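Every value quoted in this text rests on a predicted model; they were computed, and no experiment measured them. Letters A, B, ... are given to chains in the order of the sequence lines, protein chains preceding strands, and every chain is numbered from 1.
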Protein chains: 2
Amino acid sequence: MTQQPRNGRAPSVKDVAAAAGVSLGTVSNVLNRPAVVSTATRERVERAMADLGFVRNESARQLRAGTSRALAYVMLDGGNPFFQDVAEGIEIAADAADLSLFVCNSGGRAERESRHLDRLVQQRVQGILITPVDPDAPHLAEIARRGTPFVMVDRLSTAGGHCSVAVDDVLGGRIAVEHLIDRGHERVAFVGGPGSVGQVRERCQGAREVWEEFGRPAEDLIHLPTEALTVGEGRSAGERLAGLPSRRRPTAAFCANDLLALGLLQHAVSAGLRVPDDLAIVGFDDIDFAAAAAVPLTSVRQPRQELGRTAARLVLDEAANPDHRHEQATFVPALVARASTGAVRR
Amino acid sequence: MTQQPRNGRAPSVKDVAAAAGVSLGTVSNVLNRPAVVSTATRERVERAMADLGFVRNESARQLRAGTSRALAYVMLDGGNPFFQDVAEGIEIAADAADLSLFVCNSGGRAERESRHLDRLVQQRVQGILITPVDPDAPHLAEIARRGTPFVMVDRLSTAGGHCSVAVDDVLGGRIAVEHLIDRGHERVAFVGGPGSVGQVRERCQGAREVWEEFGRPAEDLIHLPTEALTVGEGRSAGERLAGLPSRRRPTAAFCANDLLALGLLQHAVSAGLRVPDDLAIVGFDDIDFAAAAAVPLTSVRQPRQELGRTAARLVLDEAANPDHRHEQATFVPALVARASTGAVRR
DNA sequence: CGAGGTGGTTGAAATGTTTCATTCGTGGTG
DNA sequence: CACCACGAATGAAACATTTCAACCACCTCG
């Protein structure tokens with residue numbers, strides 16, 4: 001804990017070597033192969049490091065090693081707790097592998113995503129996990145071409161030039177709507193958009209499929225489009241829903257994610273609709289706030305942390321294992337029934 | 001966009017130089033001082049870079065420059081949207097300065113925080129923003145001693161050896177409780193804990209101060225302690241509150257943050273209490289979910305993004321400006337009145 | 001006594017970039 | 001024609017680390 005007067009430059013291995021009276025190679029050995037150096041010198045070196053307040057310079061290590069000790073996750077929407085939970089899963093895995101994790105947020109904007117990716121490639125991160133704005137964007141293909149391992153999260157790979165980790169969204173849509181049919185609803189709204197988001201399309205498709213299979217008329221599954229997957233958009237969908245003529249008004253809504261569902265719920269309550277009696281609601285993702293809503297939300301649960309952990313595992317395998325095979329990991333979503341569909345006595 | 005066959009190594013300036021038939025110094029000039037190189041050669045070099053798919057190696061730059069082009073934010077609780085918003089503000093500032101941002105999450109665990117800090121110092125980040133688990137922890141002092149600029153976020157510095165950015169939490173507590181007194185409440189609960197969290201202590205103190213100033217008996221301000229600032233703890237506080245004998249049961253609760261308030265709200269609603277008629281609730285932070293709750297939450301607003309932006313500004317100043325003066329930036333919180341205190345007709 | 005091994009240490013090379021003093025060539029000026 | 005100035009390009013050094021072949025005592029065994 002003693003300390004040389006700050007001379008403006010952080011002490012390097014060279015300084016440590018000088019202070020301990022050994023060669024620079026020996027210091028490096030103490031750092032990387034403590035076993036090969038004799039106890040006496042090792043202690044001397046360690047003491048010198050402590051005295052000088054030596055800290056390894058990671059950039060120099062990287063330069064030499066050719067790759068950094070970091071992983072990156074570029075998430076689609078930092079404001080959505082779902083992605084935070086995925087990130088948490090990734091961080092756990094990164095931590096276990098003793099890697100740093102860059103968490104970036106594209107906020108749904110392709111140009112911001114692309115800037116992040118550029119920086120990450122420059123940093124020579126070991127791998128990139130990404131929930132992309134557009135899975136077919138050229139800058140993604142570019143990454144793959146460069147050879148940086150990358151894994152798509154929450155989106156199944158179409159091309160197959162890389163790993164991906166996702167939940168079966170079509171199945172999720174089916175489960176949700178089947179639950180509503182089960183509970184006797186005959187007119188149901190699907191709330192979600194924009195259609196450019198694959199997750200929305202697939203959840204909607206699942207809903208449609210099951211609706212048809214039960215022989216329900218297509219016009220009784222009403223699509224309420226939204227411009228984003230946010231609470232605000234959920235509220236506005238609520239307004240439109242409340243404005244429908246009662247003849248057409250659905251008795252239940254399946255929302256493409258929980259944020260929409262919470263917004264819808266809020267508007268419904270404040271408009272005096274009783275949930276679930278006047279309007280049942282199913283969300284998607286099962287974020288913590290879903291259970292915490294004033295009327296706890298029925299939702300389709302995704303294994304959020306596990307999604308992240310698996311993605312990290314795959315990207316690490318790709319980085320380390322020369323004969324890595326790309327993998328498309330699919331998880332099965334599950335319905336969590338709560339009060340918002342009357343599945344639980346309040 | 002043409003591309004040499006991958007020979008296993010990413011192309012370097014040297015390769016570009018060879019391909020363009022110029023010296024390595026010239027390539028560097030094209031990269032860093034395009035003005036000094038003639039148009040003809042510049043174009044030749046740029047073409048070579050594109051052909052080879054050249055990407056600057058950030059570690060080598062760093063090594064040479066002695067510092068990285070990155071900032072870091074170590075947040076206290078990634079699950080709390082408040083910190084996400086602060087992070088968003090920081091990211092905006094980092095982006096403007098063309099810096100990468102490491103976002104780390106200590107999750108309230110000192111040992112995890114310390115591991116993150118170690119890594120960040122090794123990376124030679126330009127500066128560290130942190131909402132610490134314990135502002136007096138020795139590893140923080142250590143950072144300062146090493147000379148890495150750092151700024152405390154959402155926590156005022158006591159020692160003053162560094163900048164800090166925070167909201168006046170005592171004032172926030174005062175505002176909240178004053179609002180409740182205004183609305184005629186005579187028995188109020190303060191919900192929050194643990195006491196080791198400075199923010200909680202100060203918000204509580206503000207509440208007490210104003211309560212006394214209005215001449216209210218101390219025993220009518222009831223402290224309901226919690227073990228964390230989470231929705232779950234809010235629910236459990238709700239149970240305890242509901243269990244109080246009606247003689248002592250408060251008609252209003254001031255929660256140390258919005259997560260607690262949402263949990264409390266949820267339990268209250270499911271226990272059949274009407275909010276705000278049977279129980280008024282005030283939260284703290286004004287996260288987006290507060291407005292989105294089924295009974296929109298009255299809350300004490302902090303300028304979340306601005307907190308982040310300011311913190312980033314300060315740390316950048318400290319990194320760049322040799323005669324930087326440490327600054328304690330304090331923001332003024334503001335009450336946002338909503339339905340949960342009956343301040344707005346539903 | 002010499003050969004061979006061994007545990008410990010060393011020195012040099014290599015990683016990719018930036019900087020800076022130097023050199024080169026050319027065109028203008030006295 | 002000699003000199004200078006100037007724009008353009010160059011080459012070497014420096015940054016902090018890791019690796020690896022070489023080396024050095026010293027010991028053991030034949």
Side-chain angles (χ1 to χ4, degrees), chain A residues 7-46 48-49 52-70 119 121-126 146, chain B residues 7-46 48-49 52-70 119 121-126 146-148:
Chain A
N7 59 359
R9 226 184 74 277
S12 72
V13 274
K14 207 183 297 182
D15 301 320
V16 174
V22 298
S23 87
L24 161 170
T26 300
V27 178
S28 176
N29 281 337
V30 171
L31 251 17
N32 302 299
R33 293 176 222 72
V36 314
V37 28
S38 75
T39 321
T41 39
R42 183 168 27 129
E43 278 167 0
R44 199 143 38 88
V45 171
E46 277 163 353
M49 298 206 267
L52 269 59
F54 168 77
V55 180
R56 257 165 144 121
N57 183 326
E58 183 63 24
S59 4
R61 294 186 85 185
Q62 277 182 35
L63 175 57
R64 179 64 226 242
T67 175
S68 81
R69 302 200 47 71
R119 273 208 276 256
V121 177
Q122 286 186 18
Q123 314 252 11
R124 302 289 194 274
V125 291
Q126 292 216 352
R146 283 243 170 66
Chain B
N7 58 0
R9 228 184 71 278
S12 73
V13 275
K14 207 182 297 182
D15 301 320
V16 174
V22 298
S23 87
L24 162 169
T26 301
V27 178
S28 175
N29 281 336
V30 171
L31 250 18
N32 303 300
R33 293 175 221 71
V36 313
V37 29
S38 77
T39 319
T41 39
R42 184 172 23 137
E43 278 168 0
R44 202 143 36 87
V45 171
E46 277 164 352
M49 297 206 270
L52 268 58
F54 168 77
V55 180
R56 258 163 142 123
N57 183 325
E58 183 63 24
S59 3
R61 295 186 82 184
Q62 280 182 33
L63 175 56
R64 180 62 227 241
T67 173
S68 81
R69 303 200 47 71
R119 274 209 276 255
V121 176
Q122 286 185 19
Q123 314 253 10
R124 302 290 194 269
V125 292
Q126 292 216 351
R146 283 245 169 64
T148 305

Going by the rule salt bridge (charged side-chain N to carboxylate O under 4.0 Å, His left out), which residues pair with A/Arg61 if we only count those two or more places apart in sequence or in a different chain?
A/Glu58
Where at least one partner belongs to residues 25-46 of chain B, residue pairs that pass salt bridge (Lys or Arg N to Asp or Glu O under 4.0 Å), sequence neighbours excluded
none
Closer to the 5' end of DNA chain D via nearest nucleotide, is it B/Leu63 or B/Thr41?
B/Thr41
Rounded to whole Å, please give me the gap between CZ in B/Arg56 and C1' in C/dT17.
9 Å
From CA spacing to verdict: side chain to side chain contact (heavy atoms under 4.5 Å, CB included), B/Val22, B/Val37
CA-CA 11 Å; B/Val22 298; B/Val37 29; over 6 Å; no
Taking all heavy atoms of A/Leu31 and all of A/Phe54, pick out the closest pair and write down the distance.
CD2-CE2, 3.9 Å
Restricting to side chain to side chain donor-acceptor pair (under 3.5 Å), what partner residues turn up for A/Arg124, sequence neighbours left out?
none
Nearest whole Å is fine: how far is C/dT17 P from A/Gln122 CD?
10 Å
Tell me: CZ of A/Arg42 to C1' of C/dT9, nearest whole Å?
15 Å
At under 4.0 Å between heavy atoms, what does B/Val22 touch on the DNA or RNA strands: base, sugar-phosphate, or nothing?
sugar-phosphate
Partners of B/Asp15 by side chain to side chain contact (heavy atoms under 4.5 Å, CB included), sequence neighbours excluded?
B/Arg9, B/Pro11, B/Ser12, B/Leu52
Terminal helix-axis angle for the helix from C/dC1-D/dG30 to C/dG30-D/dC1, with five pairs defining each axis and rounding to 10 degrees
70°
Sugar-phosphate, base or nothing in reach of A/Ser59, heavy atoms under 4.0 Å:
nothing
Ranking B/Ser23 and A/Glu58 by the position along DNA chain D of their nearest nucleotide, the one closer to 5' is B/Ser23
Tell me every residue that passes side chain to side chain contact (heavy atoms under 4.5 Å, CB included) with B/Ser23, counting only those two or more places apart in sequence or in another chain.
B/Thr26
Could you go step by step and tell me if A/Arg69 and B/Gln123 meet the side chain to side chain contact (heavy atoms under 4.5 Å, CB included) rule?
CA-CA 10 Å; A/Arg69 302 200 47 71; B/Gln123 314 253 10; over 6 Å; no
Residues in side chain to side chain contact (heavy atoms under 4.5 Å, CB included) contact with B/Ala60, at least two apart in sequence or another chain:
A/Leu63, B/Asn57
Sorted by chain and number, sequence neighbours left out, side chain to side chain contact (heavy atoms under 4.5 Å, CB included) with A/Thr67 holds for A/Gln126
Across the strands shown, which category fits A/Ser12 at heavy-atom distances under 4.0 angstrom: base, sugar-phosphate, nothing?
sugar-phosphate
Check every nucleotide of DNA chain D for an atom under 4.0 Å from a heavy-atom of chain A, then give the first and the last such nucleotide from 5' to 3'.
D/dA16 to D/dT19
In whole Å, what is the span from the NZ atom of A/Lys14 to the P atom of C/dA12?
13 Å
Using a 4.0 Å heavy-atom cut-off, does A/Val55 contact any base of the nucleic acid, only the sugar-phosphate backbone, or nothing at all?
sugar-phosphate
For B/Ser38, report the nucleic acid contact type (base, sugar-phosphate, nothing); a contact means any heavy atom under 4.0 Å.
sugar-phosphate
Letter per nucleotide, 5' to 3', of nucleotides 19-28 of chain C [B base touched, S only sugar-phosphate touched, - untouched; heavy atoms, 4.0 Å]:
B---------
